Enquirer: 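I have a structure here, written as structure tokens, and I will follow up with some questions on it.
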Amino acid sequence: MTLDKLRKENEVLDIFMNFIQDEKHTILLSTHITSDLEHIADKIVFIDNGKIILDKTRDDILESFGILKCDIDKFDTIDKADYICYKKN
């Protein structure tokens with residue numbers, strides 16, 4: 001069974017949750033599947049090219065951050081202090 005198949009069935013996340021339940025264990029998880037982070041992470045660190053660009057609790061991120069999708073003209077009007085990073089499509 002592949003990891004993707006297990007993930008879809010939430011088996012891996014259940015195993016992780018059981019392991020960290022006593023708060024004596026930590027799991028370092030590298031993922032692009034942010035919905036998994038919402039369910040199991042207490043703290044989230046974003047690393048870009050070896051540099052930590054964000055280090056917050058899950059609750060802080062959910063309360064304070066979001067994703068903005070816009071065209072380049074709108075993006076150019078945003079103050080650089082108002083975003084952490086961006087991705088051009």
Side-chain angles (χ1 to χ4, degrees):
M1 186 176 286
T2 67
L3 185 58
D4 287 339
K5 176 70 173 162
L6 287 172
R7 193 194 66 75
K8 288 179 185 174
E9 296 175 9
N10 290 323
E11 290 179 25
V12 170
L13 295 181
D14 289 343
I15 292 167
F16 288 169
M17 289 299 293
N18 288 335
F19 182 71
I20 63 174
Q21 207 68 37
D22 64 6
E23 297 187 10
K24 294 180 182 178
H25 298 95
T26 299
I27 296 174
L28 176 61
L29 179 66
S30 174
T31 184
H32 63 277
I33 304 169
T34 56
S35 61
D36 289 352
L37 297 175
E38 288 183 52
H39 296 290
I40 65 168
D42 293 325
K43 184 174 182 176
I44 298 172
V45 177
F46 290 164
I47 302 172
D48 185 32
N49 290 319
K51 180 181 176 187
I52 295 175
I53 59 172
L54 184 83
D55 183 351
K56 303 272 184 192
T57 67
R58 177 198 57 220
D59 293 338
D60 286 344
I61 291 172
L62 291 173
E63 292 173 10
S64 303
F65 296 93
I67 296 174
L68 171 68
K69 293 183 180 184
C70 62
D71 62 33
I72 191 70
D73 293 330
K74 178 69 175 173
F75 181 77
D76 288 340
T77 67
I78 301 170
D79 188 318
K80 290 183 179 184
D82 291 335
Y83 61 87
I84 297 171
C85 64
Y86 64 92
K87 176 182 175 184
K88 292 182 181 180
N89 290 333

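Numbers here simply count residues along the sequence, with the first being 1. Because the structure is predicted, anything quoted here is derived from the model rather than measured.
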Enquirer: Any pair with a residue in residues 40-50 that passes salt bridge (charged side-chain N to carboxylate O under 4.0 Å, His left out), sequence neighbours left out, goes on the list, sorted by first then second residue, please.
Expert: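 Non-adjacent pairs meeting salt bridge (charged side-chain N to carboxylate O under 4.0 Å, His left out): Lys43-Asp55.
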Enquirer: Could you note down all residue pairs passing salt bridge (charged side-chain N to carboxylate O under 4.0 Å, His left out) where residues 19-28 supplies at least one of them, sequence neighbours left out?
Expert: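 Every candidate salt bridge (charged side-chain N to carboxylate O under 4.0 Å, His left out) pair involving residues 19-28 fails, so no pair, neighbours aside, qualifies.
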Enquirer: Only pairs at least two apart or in different chains count here, so list each ring-ring contact (aromatic ring centres under 6.0 Å, His included) that has a residue in residues 41-73.
Expert: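 As it turns out, there is no ring-ring contact (aromatic ring centres under 6.0 Å, His included) pair with a partner in residues 41-73 once direct neighbours are skipped.
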Enquirer: Taking atom CG as the centre, does Asp79 end up with more than 12 heavy-atom neighbours from other residues, nucleotides or ligands that are less than 6.0 angstrom away?
Expert: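 Yes, enclosed.
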Enquirer: Would you list the pairs meeting salt bridge (charged side-chain N to carboxylate O under 4.0 Å, His left out) in which at least one residue belongs to residues 80-89, sequence neighbours left out?
Expert: none
Enquirer: Return the set of residues passing side-chain hydrogen bond (donor to acceptor under 3.5 Å, both in side chains) with Lys56 (not counting sequence neighbours), or none when no residue passes.
Expert: none
Enquirer: Which Ile, Leu, Val, Met, Phe, Trp or Tyr residues join Ile52 in one cluster when any pair of side-chain heavy atoms under 4.5 Å counts as a link?
Expert: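 Traced through the cluster, Ile52 reaches Val45, Ile47.
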Enquirer: According to the side-chain hydrogen bond (donor to acceptor under 3.5 Å, both in side chains) rule, which pairs have a member within residues 58-75, sequence neighbours left out?
Expert: Thr57-Asp60
Enquirer: Members other than Ile78 in its cluster, when Ile, Leu, Val, Met, Phe, Trp, Tyr link by side-chain heavy atoms under 4.5 Å?
Expert: Leu68, Ile72, Phe75, Tyr83, Tyr86
Enquirer: Determine whether Ile20 and Ile15 fall in the same hydrophobic cluster, where Ile, Leu, Val, Met, Phe, Trp and Tyr are linked whenever their side-chain heavy atoms lie under 4.5 Å apart.
Expert: no
